[in-house]
Amino acid sequence: MYDSLINVNGSQVPTLDILLLLTIVSLLPSLLIMMTSFTRTIIILSFLRNALGVQQTPPNMVLIGIAIFLTLFIMDPVIGEINTEAYTPYKNSEITQEEAIERAQIPLKRFMLKNTEKSSMNMFMEISNTEAVENEEDLPMTVVIPSFMTSELKKAFSAGFLLYIPFLLIDIVVSSTLMSMGMMMLPPAMISLPFKLLLFITVNGWELLFSTIANSFK
């Protein structure tokens, strides 16, 4: 039984392959967060919920589910390219596991570079003492991934700021109106919440938000 795991050199290559595969599977949640559109999407959805002032509606599980499926939609071309160039040849035993991993990095790196700001890239290149290259795709993943995440956080917080503005205006108007009427004991959030929901529904907010998130990725 164990002899089938040992090659002519006496090394247990299939066993190492299985361990490497299990390691990759265990890291999939982190890879999903670090190397895809998930980070920007979930942060924007969280900002929207806070701006509306609806506390735990939608609940966290719903927001995460929405973010995951939006991520799958946005990343579909990249996933298709990885499947064609890396997974299918590896499944057909045409390439080794190392070659499959190297090929899978190319579409992901290309996606991240398209959505990474130059300032973030230059900062991490300077910190890591990485020499400038003519082709950005030659940069190591240790530089590309943190640069991409920094850019995603910046864009997500910028979008969150823009989401807050219309709802903040409603809060200001409601608070000023209540104060002028002498109704200081009535919480402004209780009155402004229905107007926020009405505004969001009127402009078809969910479709507008989802299309904006999807179109924001290059």
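Values below: all heavy atoms of this structure, side chains included; hydrogens, waters and symmetry mates excluded.
Taking the side-chain hydrogen bond (donor to acceptor under 3.5 Å, both in side chains) definition, one finds that Gln105 meets it with nothing, sequence neighbours left out. Partners of Ser46 under the side-chain hydrogen bond (donor to acceptor under 3.5 Å, both in side chains) rule, at least two apart in sequence or in another chain, do not exist in this structure.
Side chains of Val62 and Pro59 form a contact here, defined as non-hydrogen atoms less than 4.5 Å apart. Taking the side chain as every heavy atom from C-beta outward, Ser216 and Arg40 approach each other to under 4.5 Å. Contact annotation: the side chain of Leu48 approaches that of Trp206 to within less than 4.5 Å [non-hydrogen atoms, C-beta and beyond]. Here the side chains of Ser128 and Thr142 are not in contact, with every heavy-atom distance at 4.5 Å or above.
Residue Lys114 holds its NZ atom at 13.5 Å from CZ of Phe217, rounded to the nearest 0.5 Å. Rounded to the nearest 0.5 Å, atoms CD (Glu152) and CD (Glu117) are 9.5 Å apart. A distance of 9.0 Å separates CD1 in Ile74 from CG in Asn215, rounded to the nearest 0.5 Å. Note that the CD1 atom of Ile82 and the OG1 atom of Thr88 stand 11.5 Å from one another [nearest 0.5 Å]. Leu52 CG to Leu193 CG: the interatomic distance, rounded to the nearest 0.5 Å, is 7.5 Å. Atom CD1 of Ile64 sits about 10.5 Å away from atom CG of Leu45, to the nearest 0.5 Å.
Around atom CD of Glu126, no more than 12 heavy atoms belonging to other residues, nucleotides or ligands sit under 6.0 Å away.
At a threshold of 4.5 Å between side-chain heavy atoms, the hydrophobic network of Ile, Leu, Val, Met, Phe, Trp and Tyr places Met112 and Ile127 in one connected group. Under the 4.5 Å side-chain heavy-atom criterion for ILVMFWY residues, no single connected hydrophobic cluster contains both Val173 and Val203. Taken together through direct or relayed side-chain contacts under 4.5 Å among Ile, Leu, Val, Met, Phe, Trp and Tyr, Ile106 and Leu139 form parts of separate hydrophobic clusters. Both Met141 and Ile33 belong to a single network of hydrophobic side chains, linked directly or stepwise wherever heavy atoms of I, L, V, M, F, W or Y lie under 4.5 Å apart. Residues Leu63 and Leu208 fall into different hydrophobic clusters, defined by Ile, Leu, Val, Met, Phe, Trp and Tyr side chains chained together at heavy-atom separations under 4.5 Å.
A donor-acceptor pair under 3.5 Å is absent between the side-chain atoms of Asn83 and the main chain of Ile79, judged by distance alone. Counting only distance, with no hydrogens or angles, the side chain of Lys196 and the backbone of Ala51 share a donor-acceptor pair below 3.5 Å.
Think of Leu168 as one node in a network of Ile, Leu, Val, Met, Phe, Trp and Tyr side chains linked at under 4.5 Å; its network also takes in Ile172.
Relative ring orientation between Phe167 and Phe200 is described as tilted, the plane-to-plane angle lying within the 30° to 60° band.
Contact detail for Arg103 and Pro89: the closest heavy-atom pair is NH1-CG, 4.0 Å. The shortest non-hydrogen separation linking Pro166 to Leu162 is CD-O, 3.3 Å. The two residues Ile43 and Ala156 have their closest heavy-atom pair at CG2-CB, 3.6 Å. Minimum interatomic distance between Lys155 and Asn115 (heavy atoms only, all atoms of both residues): NZ-O, 3.0 Å. The shortest heavy-atom contact between Pro58 and Arg49 is O-NH1, 2.8 Å. Here the shortest heavy-atom pairing between Ala86 and Ala104 reads CB-N, 3.8 Å.
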May I have the step-by-step check of side-chain contact (heavy atoms from CB on, under 4.5 Å) for Leu163 and Asn50, ending in yes or no?
-> CA-CA 10 Å; Leu163 282 173; Asn50 292 332; over 6 Å; no

Are Thr39 and Phe148 close enough, and set up right, to give a side-chain contact (heavy atoms from CB on, under 4.5 Å), and what steps lead you there?
-> CA-CA 10 Å; Thr39 300; Phe148 171 73; over 6 Å; no

Ile213/Phe73 under side-chain contact (heavy atoms from CB on, under 4.5 Å): CA gap, chis, key distance, verdict | CA-CA 11 Å; Ile213 292 176; Phe73 175 78; over 6 Å; no

Between Glu99 and Glu94, is a side-chain contact (heavy atoms from CB on, under 4.5 Å) present by the stated rule, with each step listed?
-> CA-CA 10 Å; Glu99 291 175 331; Glu94 298 174 3; over 6 Å; no

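Ring centroids of Phe47 and Phe161 are separated by 6.0 Å or more, keeping the two rings apart.
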